[in-house]
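Here the structure is laid out as structure tokens; the discussion comes afterwards.
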Amino acid sequence: MILAVSILQPATIFGSSYRGRFAPSPTGPLHLGSLATALGSWLDARAHQGKWLLRIEDVDVPRSLPGATETILYQLGACGLQWDEDLIYQSQRTPHYETALQQLYQAGLVYPCTCSRQGIVNVLAAQGIHPRRHEELIYPRICRPTHIPHSLANAEFFNLAGPGAWRIALQSKELNQSVGDFVLRRADGFFTYQMAVVVDDASQNITHIVRGADLASNTARQIYLQSVLGYPTPHYRHLPLVLDAQGEKLSKQTLASAIHTENTTLSLLALQQAARHLGLSDLPNDAHCTIAEWLLAATQAWREQKI
Ligand code: GLU
Ligand code: ZN
């Protein structure tokens, strides 16, 4: 049973220089769903004899949970999912995101926006559009100027938005309809996931992204940003939510509770569950093999099933 969805992009990178990554947000410990993503991306990297990088996506500092990063690192280590190269933290990379925003500004592709959510809802309502409570709003371009000035000095540029956000002025018809001019830097000064992930995937030279299907709806935005920033587009593969042995969707409770890695037996059990979650079958199921042996068998199984 092959459960991975592969989206091949036009400007993809081929070759033996595979560089993958796992990019958890430190909002809590790893649960079965996030372990499955970690395992899937690790196996894909190892099956390609590639590198597997780890990036802590704490760009949204207020949402990060103190201690969560340490727990995640401990859990990955306990499961034998060793990463290559230096770990990077998005919270330490603001200057890189600022450079990218400036680049887009110089190209006349971003503009400041001071709209509140309510303000946007009101404008949409006047157009007969009534989004549901938590639905992402398609921004009706209230603040988008007809001509975006881009000759200001950097200092002026960063003062331009004042308390406002920065949005991208989309030139893509498809994205205009599905998401609208989305935010790259929020009014509170933090960069958004879309901006940070694209800048970091490029600066870490990531060639293959293997992640959960819940993130698939972001891919078009990320490819768009790559194209306007002049970055290469990696391969994307999204691992869908998988059914359990009874054909039932794994419940939120099952997914949300932290995996146990207090000893080798428990870590192995968590890995075995994650592998089933990925649709890998026929793996050593006993508690007697070592984690390294199990991971080797899983890499072999991944190679046979997924390439
Ligand atoms: N940080 C994101 C998350 O934990 C994943 C980002 C990505 O893989 O693109 O959901
Ligand atoms: Zn606005």
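Numbering of residues begins at 1 and proceeds along the displayed sequence. Atoms within a ligand are numbered from 1 in the order they appear, just like the ligands themselves.
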Heavy atom of Tyr193, distance to ligand 1 below 4.0 Å: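 The answer is yes, since Tyr193 has a heavy atom less than 4.0 Å from ligand 1.
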Contact with ligand 1 for Arg21, non-hydrogen, under 4.0 angstrom: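 Distance cut 4.0 Å: Arg21 passes for ligand 1.
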Between [X] and [Y], do the side chains contain an N or O donor and an N or O acceptor separated by less than 3.5 Å?
X	Y	result
Thr261	Gln75	no
Glu304	Gln300	yes
Tyr231	Asp201	no
Arg19	His208	no
Gln204	Arg21	no

Ligand 1 to Ala23 polar contact by distance, N or O atoms, under 3.5 Å: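 So ligand 1 has an N or O lying under 3.5 Å from an N or O of Ala23.
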Contact check: Arg211 vs ligand 1, nitrogen or oxygen atoms, below 3.5 angstrom: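 Yes: some nitrogen or oxygen of Arg211 is under 3.5 Å from one in ligand 1.
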Side chain to side chain donor-acceptor pair (under 3.5 Å): pairs with one or both residues in residues 116-133, sequence neighbours excluded: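 Side chain to side chain donor-acceptor pair (under 3.5 Å) check on residues 116-133 returns Gln118-Asn122.
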Protein contact to atom 3 (C) of ligand 1 [nearest heavy atom, distance to 0.1 Å]: Ser25 OG, 3.5 Å
Protein contact of atom 6 (C) of ligand 1 - nearest heavy atom, named by residue and atom, plus distance: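 Result for atom 6 (C) of ligand 1: Glu57 OE1, 3.1 Å.
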The Zn ion (ligand 2) contact by Tyr139, N, O or S atom under 2.8 Å: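 Checking Tyr139: at least one N, O or S atom is under 2.8 Å.
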The Zn ion (ligand 2): angle it makes with SG (Cys115) and SG (Cys143), nearest 10 degrees: 110°
Interfacing atoms of ligand 1 (cut-off 4.0 Å, heavy-atom, Val197): 9 (O)
Side-chain touch Pro26/Leu65, heavy atoms, less than 4.5 angstrom: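 A side-chain contact under 4.5 Å is absent here.
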Leu215 and ligand 1 - part of the residue with a heavy-atom distance under 4.0 Å: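 The part of Leu215 near ligand 1 is the side chain, not the backbone.
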